Amino acid sequence: MMFLKAFLVGGLICGLIQILMDRTKLLPGRIMVLLVCLGIVAGVLGIYKPLVDFAGAGATVPLCGFGYSLWEGVKGAINDEGFIGVFKGGFSASSIGISASLLISYLASLIFNPKMKK
């Protein structure tokens, strides 16, 4: 049942974002930033935690889940270390995802010979 919940919630989030991409003239980079910020705001307001508890990976894998992860890291670091946690918390909470993205991007650039647009 947890796989079905994750699939349905993750699919709903991705479907809504696809509609946003199709119906607006927002560039993909701006939509990505919007999703991360939406995850942070939803985390601050306490809306995203029940969704994560319900859907698990269906809510944490999309980019809004990355924003939520950043918020949770900052919140925990502020409680533990004070003001310096504002700067350290997000990196420590999402370091694995950031490292994996950098490594996979580098490997892809070695394999596929990227070119700049003219």
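Small disclaimer: the values here were computed from a predicted structure and weren't measured. Nothing fancy with the numbering, it's 1 onward along the sequence.
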Note to self: For Gly65, is there any backbone N or O sitting under 3.5 Å from a side-chain donor or acceptor partner on Ser69?
What the structure shows: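 No; zero donor-acceptor contacts below 3.5 Å.
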Next item on the list: Indicate yes or no for a side-chain donor-acceptor contact from Ser109 to the backbone of Tyr106 under 3.5 Å, with no hydrogens or angles considered.
Entry: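 Present.
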Measure the [atom1]-[atom2] distance between [X] and [Y] for me, rounded to the nearest 0.5 Å.
X: Trp71; Y: Leu45; atom1: CH2; atom2: CG; result: 9.5 Å
X: Met21; Y: Leu27; atom1: CE; atom2: CG; result: 10.0 Å
X: Ile17; Y: Leu35; atom1: CD1; atom2: CG; result: 4.0 Å
X: Leu38; Y: Cys64; atom1: CG; atom2: SG; result: 6.0 Å
X: Ile19; Y: Thr24; atom1: CD1; atom2: OG1; result: 11.5 Å
X: Leu4; Y: Leu8; atom1: CG; atom2: CG; result: 4.5 Å

So, for [X] and [Y], which heavy atoms are closest and what is the spacing to 0.1 Å?
X: Ala59; Y: Ile13; value: CA-CD1, 4.4 Å
X: Phe66; Y: Val36; value: CD2-CG2, 4.0 Å
X: Gly89; Y: Ala77; value: CA-CB, 3.5 Å
X: Leu51; Y: Val9; value: CD1-CG1, 3.8 Å
X: Pro50; Y: Gly46; value: CD-O, 3.3 Å
X: Tyr68; Y: Gly43; value: CD1-CA, 3.9 Å

Please say yes or no: joined through hydrophobic side-chain contacts below 4.5 Å, possibly via intermediate residues, are [X] and [Y] part of one cluster?
X: Val61; Y: Leu70; answer: no
X: Leu20; Y: Leu63; answer: yes
X: Phe83; Y: Ile78; answer: yes
X: Leu26; Y: Leu16; answer: no
X: Val86; Y: Ile84; answer: yes

Margin query: Could you check whether Phe91 and Phe87 have their ring centres less than 6.0 Å apart?
Written below: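 Judged by ring-centre distance (under 6.0 Å), Phe87 and Phe91 do not meet the cut-off.
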